[in-house]
Every structure is written in structure tokens, then in C-alpha cells.
Amino acid sequence: MQPKGAFHITVILHNVLASAEIGRLLGYLHKSRRGWAFTGAGVSTPSGIPDFRGPDGLWRKYDPERVSTIEAFEKRPEEFFSFWMHRFELMRKAEPNEVHRMLARLEELGYLKGVITQNIDGLHRKAGSKTVLEIHGNAWTGTCRGCGRKYELEWMAERVREEGVARCGCGALVKPDVVLFGEQLTPAFDRAWEEVRRCDLLFVLGSSLQVWPAAELVPLAARNGATVIIANRDPTPYDDLADLVIRGELAELARKVLRCLEKEGT
Ligand code: NAD
């Protein structure tokens, strides 16, 4: 068994190292002029929205090929809607957490130009981020596949509750405005690509970096000489490219950063 004293030393060392990491993170942010955040599902797990590949991730319970592809939407719309509308309801009720707030504050203070997100939950905007590039779309609206008419999430949810699918007056299905596997990315991805090509810092948070082509933004930033910071609980395939890897709970990291920013401001 570890002696009690040794445990205390470990905790103290851990705290000192953690503060050193925050110091380096803030140092990089201070130096950058064109910094962007790049976020994934891990920034929203503290808001109660499960990620895909974490320990409670959805892919441990569902087969993505069955529920998240454009083929699934077209061939098995009832199953698609029953899975997704439940998740959208969760997103509708969720509130932003410290991580979203930290990123909004970093933008407000001029440390970041904005957030590029793979998330579809809209929580960055709800937290006050102004420039948000939603490269996988968002869950708040849907578009008719036949006539192109736009619908709100509320409307889709009601249709699904009553009929099992969301169908437009013209008879065609209404697809939520999220990018499914097998679909083209949104025009926001082209903008994100351009911004990352020119950025001098990319702060990656809460992504396994396993979804393509989104993950490609990280090697792109590194190739162009930007500082790359990866904050995630689990290792990612691009940790070796990063100037700084911060392993651990994002909400805790965000609380510490927010405290430092508060002190700076006083
Ligand atoms: P992912 O599930 O593949 O990876 C999430 C990563 O975040 C994991 O590596 C996990 O270790 C880490 N993580 C989770 N909670 C954390 C926490 N509290 N602190 C630190 N790290 C934490 O997610 P991804 O890389 O974003 O790719 C999945 C795709 O699924 C994305 O394209 C996204 O559009 C979509 N998605 C979106 C949402 C959402 O909008 N909230 C939720 C799930 C999935």
C-alpha cells in the first residue's frame, strides 16, 4: 500500500504539474494572434449529452451504420427518427457548461477568433460564442428532401411523436440539418479549412479525432506551423503533433482557466 505521505506528495505534484500546463496554455494563447478552438462531443458531456467514443459513448450501445448514415435515414426512417429525436430532445434541454463558457470568454477577450465545432447541439452559441463554425450542421432545424422547405426542431419532434417520422406537406421526409455519415460536409467546413490554414494556434478540446475529414484540421494546422494544443481525457492519434497535450477533465481545466482570466482582469 502507498504510505499516506506519498499520496499527499503525489497530489501536490499533480497540482503543480497541472498549473504548469495551464500556465503554458495561457502563454500560447497570449502569444497567438489568429487562434481558433476546435471542439468535439467531449465539451458537451458535462452538460449531460453523451459522446460517441468515451466510456459511456453511444457507439458502445448503438451501431452507427444503423442509425447515423444517410442510408439509414432513407431506408429505415422510423428507426432513424426514434434514435435521433430522443438525442435532440436531450440537446434542447441541455445548458452550456464551463468549457463552453471558457471558450466564449477567450473569444470575448480576443484570445480566440472563434470556435470550429463538430457538435450539433448549439451550446457554443448559447454560451455566448459569436463566431461558431458548425461543420457538421446543427440539430435545431430540418429541410424537406423534396421541396427544400425549412422546419424547426419543435415541429419535427411533434411529427415524430405523432407519426414516427417527420414528413413535409409535399410528402417527402424532412431531414435534420446535421451531417450524416456518407454526406458532404457543410460550407462551414470550407471556411474552417481556410481559417485553420491561416491560424497560428489550434486549441482542440474533447474530440477523439477519429471522424474524417474533420480530424484533418489538426495535421493541417501543424503543417502550417500553428501551435497545436490538445485537451482530451483519452489519447488521440494526433497527440504527437501537439505542442501541448492536456489530459483530464475538461470542466476542471475550464474552471482553472476561467479563474486565471478573472485574476488577469482585476
Ligand atoms: P468522440 O465521442 O469520438 O470523442 C469524444 C472525446 O472526448 C473522447 O476521446 C473522450 O475521451 C473525450 N471526453 C468526453 N468527455 C470528456 C470530458 N468531460 N473531459 C475530457 N475529455 C472528454 O466525439 P467527436 O470526436 O466529437 O466525434 C463524434 C462525432 O459525433 C462528431 O462528429 C459530432 O458531430 C458528433 N457528436 C456530437 C455531439 C454533440 O453535439 N454534443 C454528441 C455526440 C456526438
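Heavy atoms only: backbone and side chains are in, while hydrogens, waters and symmetry mates are out. In each ligand, atom 1 is the first atom listed, and ligand 1 is the first ligand listed.
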What atoms in ligand 1 come closer than 4.0 Å to a heavy atom of [X]?
X: R87; answer: 42 (C), 43 (C)
X: D234; answer: 9 (O), 10 (C), 11 (O)
X: S208; answer: 1 (P), 3 (O), 4 (O), 5 (C), 6 (C), 9 (O), 25 (O)
X: G206; answer: 5 (C), 6 (C), 7 (O)
X: G40; answer: 26 (O)
X: S44; answer: 41 (N)
X: P50; answer: 42 (C), 43 (C)
X: I49; answer: 41 (N)

Look at [atom] and find which of [options] reaches it with the closest heavy atom.
atom: atom 20 (C) of ligand 1; options: G42, A254, A214, G248; value: G248
atom: atom 39 (C) of ligand 1; options: D121, T45, V99; value: D121
atom: atom 25 (O) of ligand 1; options: A215, S207, G137, P46; value: S207

Polar atom proximity, F52 to ligand 1 (N or O, under 3.5 Å) = yes

request  = Compute the shortest N/O to N/O distance between I120 and ligand 1 and return yes if it is under 3.5 Å, no if not.
outcome  = yes

inquiry  = Below 4.0 Å from ligand 1: does a non-hydrogen atom of E249 turn up there or not?
reply    = yes

task = Take E21 and R247 through the test salt bridge (charged side-chain N to carboxylate O under 4.0 Å, His left out) and record every step on the way to the result.
result = CA-CA 10 Å; E21 277 176 345; R247 192 93 66 227; over 6 Å; no

Between [X] and [Y] (side chain of the first, backbone of the second, donor and acceptor by atom type, cut-off under 3.5 Å), is there such a pair?
X: N224; Y: A226; result: no
X: R24; Y: D243; result: yes
X: S47; Y: I49; result: no
X: W84; Y: V67; result: yes

ask   = So if you build clusters from Ile, Leu, Val, Met, Phe, Trp, Tyr with side-chain heavy-atom gaps below 4.5 Å, do F80 and M91 land together?
value = yes

task = Verify salt bridge (charged side-chain N to carboxylate O under 4.0 Å, His left out) between K150 and D177, making sure each step is shown before the conclusion.
result = CA-CA 9 Å; K150 284 270 177 200; D177 291 335; 2.9 Å; yes

Using a 4.0 Å heavy-atom cut-off, which part of [X] comes near ligand 1: side chain, backbone, both, or neither?
X: R233; answer: both
X: D51; answer: both
X: V211; answer: side chain

task = Answer yes or no: is there an ion pair linking E195 with R191, defined by an N-O contact shorter than 4.0 Å?
result = yes

message = Closer than 4.0 angstrom, basic N to acidic O: yes or no for E74 and R145?
response = yes

ask   = Step by step, would you call T45 with L250 a side-chain contact (heavy atoms from CB on, under 4.5 Å)?
value = CA-CA 9 Å; T45 56; L250 287 173; over 6 Å; no

task = Measure the shortest side-chain to side-chain distance between V179 and F189 over non-hydrogen atoms and say whether it is less than 4.5 angstrom.
result = no

